[in-house]
Amino acid sequence: MTFVLAAVVKNIKIAVEKLLKKEKFFAFLSKEAKNFFIQILKGEKEMNQKLFELLEKAKQDKVLKQKLLDTKKEKDPTLAFCELATKEGFPITVGELFAEGEEYISNLLKSVNGGATYPREGWDDPYEMFFASLERI
């Protein structure tokens, strides 16, 4: 069963690679969609997945957990966090971290039909949510 699934995934990747090489295919895709397909083909992970896996690794490794907590004491804590995450195999940039979720909210507020008429209930910050979870393990 696993072999069959792997073969299907491989065939899908080949088909998407062929489509991405054609200019006409790109014309119909937004920038975000193009980047999404490219990430899939490269095997890159989304930000939430990277943060979740880093959190899971920190649950098992107390030294890593402490190093992550110590980044909050640095002069530039977000940069220190991203550098440590990248060193641990979870490449994250400060820009990506701050942009996480921003596109969704921007699209919500600038909808064709006038946008959201209600205020957002909260501004969940992935960086702060990560540390809130980390401190509880």
Side-chain angles (χ1 to χ4, degrees):
M1 183 68 172
T2 304
F3 177 75
V4 172
L5 184 59
V8 169
V9 170
K10 182 179 178 183
N11 287 334
I12 290 172
K13 283 185 176 182
I14 291 169
V16 171
E17 283 175 344
K18 287 179 182 178
L19 284 173
L20 288 174
K21 289 179 183 176
K22 296 183 179 182
E23 291 288 328
K24 291 179 183 177
F25 184 72
F26 272 118
F28 296 104
L29 292 178
S30 67
K31 180 181 175 185
E32 293 79 18
K34 290 177 199 173
N35 289 338
F36 176 74
F37 278 118
I38 290 168
Q39 283 179 339
I40 290 172
L41 292 171
K42 290 181 177 177
E44 294 177 10
K45 300 173 185 173
E46 292 184 2
M47 178 64 66
N48 284 333
Q49 186 178 3
K50 290 177 192 178
L51 292 173
F52 177 77
E53 290 178 7
L54 181 58
L55 186 63
E56 290 297 310
K57 187 174 180 180
K59 282 182 183 179
Q60 306 300 321
D61 184 347
K62 299 301 177 193
V63 173
L64 174 59
K65 177 183 175 183
Q66 190 55 51
K67 284 181 181 179
L68 289 165
L69 291 170
D70 289 344
T71 63
K72 296 281 260 184
K73 300 172 187 169
E74 296 290 328
K75 183 178 179 183
D76 188 345
T78 310
L79 179 61
F81 170 77
C82 291
E83 288 173 347
L84 179 58
T86 300
K87 181 180 172 189
E88 291 294 324
F90 305 95
I92 297 172
T93 66
V94 174
E96 289 173 326
L97 194 56
F98 288 144
E100 182 65 23
E102 177 63 27
E103 180 184 350
Y104 168 75
I105 294 304
S106 294
N107 289 338
L108 180 67
L109 297 174
K110 66 179 180 184
S111 171
V112 174
N113 296 324
T117 57
Y118 50 89
R120 185 169 180 201
E121 292 180 15
W123 292 95
D124 293 339
D125 177 358
Y127 175 75
E128 292 299 331
M129 297 297 287
F130 175 86
F131 279 99
S133 298
L134 183 65
E135 290 167 359
R136 295 193 188 323
I137 59 171

### Task
Return yes if a side-chain donor-acceptor contact under 3.5 Å exists between Gln49 and Glu53, otherwise no.
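Note: Gln49 and Glu53 side chains meet the donor-acceptor criterion.
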Throw together a table of side-chain donor-acceptor distances under 3.5 angstrom for residues 74-82, partners on residues two or more places apart or in other chains.
| residue | atom | partner | partner atom | Å |
| --- | --- | --- | --- | --- |
| Asp76 | OD1 | Leu79 | N | 3.4 |

### Query
If you measure from CE on Met47 to CD1 on Ile92, what distance do you get to the nearest 0.5 Å?
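Reported to 0.5 Å precision, the distance equals 5.0 Å.
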### Message
Could you tell me if the side chain of Asp70 sits less than 4.5 Å from the side chain of Leu84, heavy atoms only?
### Response
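No; the side chains remain at least 4.5 Å from each other.
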Atom pairs and distances, side-chain donor-acceptor, residues 128-137, under 3.5 Å, sequence neighbours left out:
| residue | atom | partner | partner atom | Å |
| --- | --- | --- | --- | --- |
| Glu128 | OE1 | Lys72 | NZ | 3.3 |
| Glu128 | OE2 | Lys72 | NZ | 3.4 |
| Ser133 | OG | Met129 | O | 3.1 |

### Query
Which pairs pass side chain to side chain donor-acceptor pair (under 3.5 Å) with one or both residues in residues 80-93, sequence neighbours excluded?
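The answer is Lys57-Glu88, Thr93-Glu96.
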### Message
Between Leu68 and Leu55, is the side-chain contact (heavy atoms from CB on, under 4.5 Å) condition met? List the steps.
### Response
CA-CA 10 Å; Leu68 289 165; Leu55 186 63; over 6 Å; no
### Task
Evaluate whether atom OH of Tyr127 has more than 12 neighbouring non-hydrogen atoms of other residues, nucleotides or ligands under 6.0 angstrom away.
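Result for OH/Tyr127: enclosed.
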